[in-house]
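Working notes for the structure below.
Every chain is numbered from 1, with letters handed out A, B, ... down the list of sequences. These numbers come from a predicted model, not from an experiment.
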There are 2 protein chains.
Amino acid sequence: MDENQEFISILRAEGLRYTWQRQAIWDEIKSTDEHRDADDIYLSLKQAGKTISRATVYRTIDVLVKYGFIRKLEFGEGRMRLEHKLDPAHHDHLVCENCGRIIEFVDDRIEDLQTAVCQQHGFQLTRHVHQLFARCQAYPDCEYYQSQHR
Amino acid sequence: MDENQEFISILRAEGLRYTWQRQAIWDEIKSTDEHRDADDIYLSLKQAGKTISRATVYRTIDVLVKYGFIRKLEFGEGRMRLEHKLDPAHHDHLVCENCGRIIEFVDDRIEDLQTAVCQQHGFQLTRHVHQLFARCQAYPDCEYYQSQHR
DNA sequence: TTTCTATTGTGAATGAGTCTCAATAATATA
DNA sequence: TATATTATTGAGACTCATTCACAATAGAAA
Ligand SMILES: [Mn+2]
Ligand SMILES: [Mn+2]
Ligand SMILES: [Zn+2]
Ligand SMILES: [Zn+2]
């Protein structure tokens with residue numbers, strides 16, 4: 001089934017209504033592979049002439065999280081960041097403290113060791129947060145940083 | 001040198017003043033191995049007759065973090081938690097989503113793999129956040145949970 | 001169409017944490 | 001010990017992300 005058809009039918013199946021606001025927010029989040037915050041989404045939509053209230057943006061984000069379309073991330077900045085899950089594979093994040101770049105990684109050995117640690121304590125792993133904060137090779141002068149800050 | 005003498009001399013060495021408020025907050029955080037939040041500290045002190053403004057609690061926490069006495073943690077609850085670093089060894093956290101228990105763990109293989117992942121991307125690891133969310137064996141009935149909620 | 005009720009927009013509220021500023025108290029100095 | 005200097009404190013205003021209440025609106029079912 002087409003990806004957007006699935007979006008629509010999941011809403012319907014859950015007794016939720018299909019609104020242009022929900023479609024626009026989902027489209028906006030799908031449109032890049034970045035890890036943006038709620039206000040980014042709100043402002044981008046506004047810029048594009050689709051003004052939707054912040055309350056609706058936040059409410060829709062919760063719907064998208066609940067039905068597995070997106071994921072909330074928290075890098076200790078005091079606000080949530082979002083990413084779509086079009087590619088359903090799990091990954092963790094490497095964040096450059098120099099330039100802000102976010103790199104995705106998966107290491108199967110780490111994944112297995114996490115499960116093992118839980119088992120050793122008699123726990124069943126349900127989810128995990130794994131973030132590596134690092135400095136890119138170019139520290140302290142980074143072209144990426146320059147490019148992002150003009 | 002006695003642990004508290006060190007507290008006092010670090011303050012002095014940094015040109016900071018030794019106040020009973022700072023001593024009381026440090027004592028309160030040292031007093032347990034739990035992972036409490038700022039308001040817990042504030043309220044416990046108040047309960048004990050040592051009323052200190054919240055602003056001072058937050059300011060002192062930042063001083064304690066800066067000089068390595070404590071560490072801030074963020075478990076995605078929207079507020080910081082604290083832990084003392086009397087034992088300077090690094091550890092990560094396993095959090096039970098059933099009863100709230102927090103278990104500390106270290107796995108040297110994971111620690112090494114984290115460094116390796118960073119190197120593969122040409123980054124220098126500076127710090128990491130690793131939290132395992134899990135269910136204890138007793139799920140959904142947990143004596144620990146019962147004991148914490150009367 | 002009409003009806004039903006989920007969704008929306010608005011703006012107020014929340015809550016953790018920060019900031020300002022006048023009063024206070026820790027330390028250095030005489 | 002008295003005085004001067006200035007870091008620290010307390011009070012409360014403020015910030016900022018997010019949530020909430022509620023009246024108006026608009027999907028969807030009949
Ligand atoms: Mn990602
Ligand atoms: Mn700990
Ligand atoms: Zn992972
Ligand atoms: Zn670790």
| Short side-chain N/O contact to D:dA7 OP1/OP2 from B:Thr19, under 4.0 Å | no
| query | Looking at residues 34-59 of chain B, who's got a heavy atom less than 4.0 Å off DNA chain C? | reply | B:Ala55, B:Tyr58, B:Arg59
| query | Closest approach of A:Val57 and A:Ile25, non-hydrogen atoms and distance? | reply | CA-CD1, 3.8 Å
| task | Could you check B:Arg79 against B:Glu74 for side-chain contact (heavy atoms from CB on, under 4.5 Å), going step by step and ending with a plain yes or no? | result | CA-CA 7 Å; B:Arg79 63 182 190 279; B:Glu74 173 58 66; 5.8 Å; no
| query | Separation of A:Gln23 atom CD from D:dG27 atom P, in whole Å? | reply | 13 Å
| Looking at A:His130 versus A:His93, is the centre-to-centre ring distance below 6.0 Å? | no
| request: Please determine if a side-chain N or O atom of B:Gln21 lies less than 4.0 Å away from the OP1 or OP2 oxygen of C:dA25. | output: no
| query | To the nearest angstrom, how far is B:Phe75 atom CZ from C:dA16 atom C1'? | reply | 17 Å
| query | Touch check for A:Arg79, heavy atoms < 4.0 angstrom, all strands: base, sugar-phosphate only, or nothing? | reply | sugar-phosphate
| message | I want to confirm an ordering. Mapping B:Met80 and A:Gly15 to their closest nucleotides on DNA chain C, which one lands closer to the 5' end? | response | A:Gly15
| query | A:Arg22 side chain N/O closer than 4.0 Å to the phosphate oxygens (OP1, OP2) of C:dT7? | reply | yes
| field | A:Trp20 CH2 to C:dT8 C1', straight-line distance once rounded to whole Å | value | 10 Å
| task | Would you please indicate if the ring centroids of A:His84 and A:His35 are separated by under 6.0 Å? | result | no
| query | Does a donor on one side chain and an acceptor on the other come within less than 3.5 Å for B:Gln21 and B:Trp26? | reply | no
| task | Tell me, with the steps shown, if B:Gln23 and B:Glu28 meet side-chain contact (heavy atoms from CB on, under 4.5 Å). | result | CA-CA 9 Å; B:Gln23 180 69 65; B:Glu28 184 59 37; over 6 Å; no
